[in-house]
Amino acid sequence: MTASFITLVGIGQTVLFGGLRPRTASIVVGITAYCVMTVGSFMFFSRSVSIGQLFFFRIVSGVVYGAVVGYIAGVMVGGVFLVADKLRKLFHRRRVAAGVAEVAEVADENPVAAS
């Protein structure tokens with residue numbers, strides 16, 4: 001359930017609001033997913049839960065805990081992409097520095113004869 005929650009938050013960050021407001025998207029998806037997962041787990045694991053208790057718990061925990069946990073999951077997803085971006089830039093610089101001579105040699109070769 002944790003992996004699905006984090007995956008849903010990551011998808012929500014890219015889909016909702018055109019990817020422009022990832023924090024808000026994380027909170028919205030967190031509230032929604034937490035409510036759905038909470039209700040689902042109560043219905044699956046508990047046989048004697050009244051609708052009033054379920055509704056109250058869903059509202060309170062979904063809004064409060066869902067928003068907090070959604071935000072934390074969004075920060076984790078964003079952190080993974082920030083680290084990946086830094087690593088990509090680091091390795092790209094090393095590849096470019098090592099491959100400058102190769103690029104110059106390839107540019108001098110002309111496979112098509114000029115007429």
Side-chain angles (χ1 to χ4, degrees):
M1 285 179 55
T2 304
S4 353
F5 184 82
I6 293 172
T7 302
L8 287 172
V9 169
I11 291 170
Q13 283 183 338
T14 59
V15 173
L16 292 178
F17 310 115
L20 299 176
R21 296 176 23 199
R23 291 183 188 101
T24 307
S26 298
I27 291 170
V28 168
V29 172
I31 291 170
T32 307
Y34 196 87
C35 287
V36 169
M37 289 181 178
T38 303
V39 169
S41 65
F42 267 109
M43 294 175 112
F44 185 73
F45 292 116
S46 186
R47 301 286 181 231
S48 61
V49 175
S50 70
I51 300 297
Q53 289 174 336
L54 185 62
F55 182 74
F56 177 74
F57 185 76
R58 187 179 101 199
I59 293 296
V60 171
S61 70
V63 171
V64 176
Y65 299 124
V68 172
V69 174
Y71 186 82
I72 291 170
V75 168
M76 290 182 348
V77 169
V80 167
F81 284 110
L82 285 174
V83 169
D85 186 50
K86 294 292 182 186
L87 289 174
R88 185 175 42 245
K89 287 179 181 176
L90 177 70
F91 288 121
H92 180 68
R93 272 191 243 138
R94 286 183 182 171
R95 209 174 327 134
V96 168
V100 170
E102 295 173 13
V103 172
E105 291 172 8
V106 172
D108 289 337
E109 294 177 11
N110 189 358
V112 179
S115 31

Single-linkage hydrophobic cluster [X]~[Y], side-chain heavy atoms < 4.5 angstrom:
X	Y	answer
L20	I27	no
V60	Y65	no
V64	V9	yes
V36	M1	no
I6	L16	no

F81 atom CZ: more than 12 heavy-atom contacts under 6.0 Å: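 No - once you tally the heavy atoms of other residues, nucleotides and ligands closer than 6.0 Å, there are 12 at most.
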Least distance between heavy atoms, [X] atom then [Y] atom:
X	Y	answer
A25	G12	CB-O, 3.5 Å
V63	I31	O-CG1, 4.1 Å
A73	F5	CB-CE2, 4.0 Å
G74	S26	CA-OG, 3.4 Å
A33	L8	CB-CD1, 4.1 Å

Point-to-point distance, once rounded to the nearest 0.5 Å, from CZ of R23 to CD of Q13: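 The distance works out to 9.5 Å.
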Less than 4.5 Å apart, any side-chain heavy atom of D85 and any of R88?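 They are in contact (side-chain heavy atoms under 4.5 Å apart), so the answer is yes.
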